[in-house]
Amino acid sequence: MHALLRRPVTAVFLCAAFTLSASACGRYVGDLTKPEILGEAIEATESAESVTVRSDGFSLAVPVKSRTSRDGRGNCTATLTYGASDTVDVITVDKDVYVRSSETRLRREERDRSPEDLEVLIEKLTGRWTKSPADGPDAPEELALCSRVGFDAGLENGWDDDSAKGDPTTVDGRKARKLVKAGGESETAVYIAAEGPPYILKIVTRGGDVPGTTTYSDYGRPVEAKAPPAEDVVVVD
């Protein structure tokens, strides 16, 4: 590992465009089971050309927030924050990845250095970006923040097989269908676009080990990713 830093970190659409009218396939949304509806939504979301994902939750009782905008061409901007000040920013553009860590994060990740070496590193990197290739063994682990949208396999498990069309609602003014799964001490609600491709718009988990809210927006919009100013960049060889 490089001496400077040692870091641990065909879209498928419903034939009815997910409306309540009869579909071109001869099925009504109300004829689909909840797992089928969710499977269609997951596949459409994972296949989206671009999307912005915002997450707000907790890890070991510490607030964790993230925001990622990415597209299929490799452009991405992302921010991940633990607590009040442990933050990392990531930009990927033109096959390069830029990472900027807050002083709090640098001190946590590099705590095994000698006090003298740590202070030199803090002075050199606080407020600046490191630059690495986005491909190959030297790509930083923070690049994972810019991975394509994926869902835990457990999201599709535990739903009953009753046919459903979802409770009508809205998410940021957009018509949606809400599916709810309750089990044990937790409840998961998935909000799916009711018009156009059945993109997932929001997932809310209450109770359990990982409560939180994740929203999905800006489908198909260009991602404005620009390299930082050269004077603010440290190249990682």
Side-chain angles (χ1 to χ4, degrees), residues 1-9 45-46 48-115 117-155 203 209-210 212-216 223-230 232-237:
M1 185 170 290
H2 190 266
L4 178 62
L5 293 175
R6 299 189 302 276
R7 297 189 178 91
V9 194
T45 300
E46 290 180 335
E49 177 59 26
S50 63
V51 63
T52 293
V53 182
R54 296 176 176 85
S55 182
D56 192 343
F58 291 87
S59 176
L60 301 177
V62 177
V64 180
K65 295 184 178 183
S66 68
R67 181 190 185 281
T68 300
S69 295
R70 55 153 306 280
D71 63 25
R73 295 175 296 171
N75 297 316
C76 173
T77 63
T79 297
L80 176 66
T81 300
Y82 292 90
S85 58
D86 187 332
T87 300
V88 59
D89 299 302
V90 179
I91 299 173
T92 62
V93 62
D94 297 331
K95 297 184 179 181
D96 290 317
V97 54
Y98 302 85
V99 177
R100 180 178 62 186
S101 298
S102 65
E103 179 177 342
T104 299
R105 186 178 183 86
L106 287 170
R107 290 189 180 279
R108 176 174 62 81
E109 291 190 339
E110 304 297 325
R111 58 185 177 275
D112 292 335
R113 290 176 179 265
S114 69
D117 286 347
L118 178 58
E119 293 308 316
V120 170
L121 184 71
I122 295 299
E123 183 177 356
K124 185 174 185 177
L125 293 184
T126 298
R128 304 186 75 193
W129 301 80
T130 60
K131 178 183 178 181
S132 306
D135 299 315
D138 295 327
E141 293 184 7
E142 289 87 350
L143 184 60
L145 290 172
C146 290
S147 299
R148 293 188 68 88
V149 174
F151 298 92
D152 187 289
L155 181 63
I203 300 175
D209 297 329
V210 285
T213 299
T214 303
T215 61
Y216 304 79
V223 175
E224 300 296 333
K226 296 181 180 180
D232 295 334
V233 175
V234 177
V235 178
V236 178
D237 298 322

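The shown structure was predicted, so the numbers you read here are calculated from the model rather than taken from an experiment.
Side-chain atoms of Cys146 and Val90, non-hydrogen and from C-beta on, do get closer than 4.5 Å to each other. For the pair Val62 and Asp86, the minimum side-chain heavy-atom distance is 4.5 Å or more. Contact of the Leu106 side chain with the Ser101 side chain is registered, since non-hydrogen atoms from C-beta on lie closer than 4.5 Å.
Under the side-chain contact (heavy atoms from CB on, under 4.5 Å) criterion, Ser114 pairs with Glu116, Asp117, sequence neighbours left out. For Arg148, there are no salt bridge (Lys or Arg N to Asp or Glu O under 4.0 Å) partners at least two apart in sequence or on another chain. Here Pro229 pairs with Glu231, Asp232 under the side-chain contact (heavy atoms from CB on, under 4.5 Å) rule; sequence neighbours left out. Judged as a side-chain hydrogen bond (donor to acceptor under 3.5 Å, both in side chains), and not counting sequence neighbours, the contacts of Thr81 are Thr87. Residues passing the side-chain contact (heavy atoms from CB on, under 4.5 Å) test with Glu103, sequence neighbours excluded: Arg107, Ile122, Thr126. Here Arg73 pairs with Asp71 under the side-chain hydrogen bond (donor to acceptor under 3.5 Å, both in side chains) rule; sequence neighbours left out. Take Tyr216 and apply the ring-ring contact (aromatic ring centres under 6.0 Å, His included) test, not counting sequence neighbours, and it matches Phe151.
The two residues Ser85 and Ser102 have their closest heavy-atom pair at O-OG, 2.8 Å. Closest non-hydrogen pair, Ala134 versus Ala139, comes out as O-CB, 3.8 Å. Residues Thr77 and Val223 share a closest heavy-atom pair of N-CG1, 4.4 Å.
With hydrogens and angles disregarded, no donor-acceptor distance shorter than 3.5 Å links the side chain of Glu110 to the backbone of Leu118. Judged by distance alone, with hydrogens and angles left aside, the side-chain atoms of Arg108 form no donor-acceptor pair with the main-chain N or O of Arg105 at under 3.5 Å.
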For residues 52-60, dump all side-chain donor-acceptor pairs below 3.5 Å to protein atoms at least two apart in sequence or in another chain.
residue, atom, partner, partner atom, Å
Thr52, OG1, Ser69, OG, 2.7
Thr52, OG1, Asp218, OD2, 3.4
Arg54, NH1, Ser217, OG, 3.1
Ser55, OG, Thr214, OG1, 3.4

Side-chain atoms of residues 91-100: list all donor-acceptor pairs with protein atoms under 3.5 Å, sequence neighbours left out, distances to 0.1 Å.
residue, atom, partner, partner atom, Å
Thr92, OG1, Gly74, O, 2.8
Thr92, OG1, Cys76, N, 3.2
Arg100, NE, Asp89, OD2, 3.3
Arg100, NH2, Asp89, OD2, 3.1

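In this structure, CD in Glu109 is found 8.5 Å from CD in Glu141, a value given to the nearest 0.5 Å.
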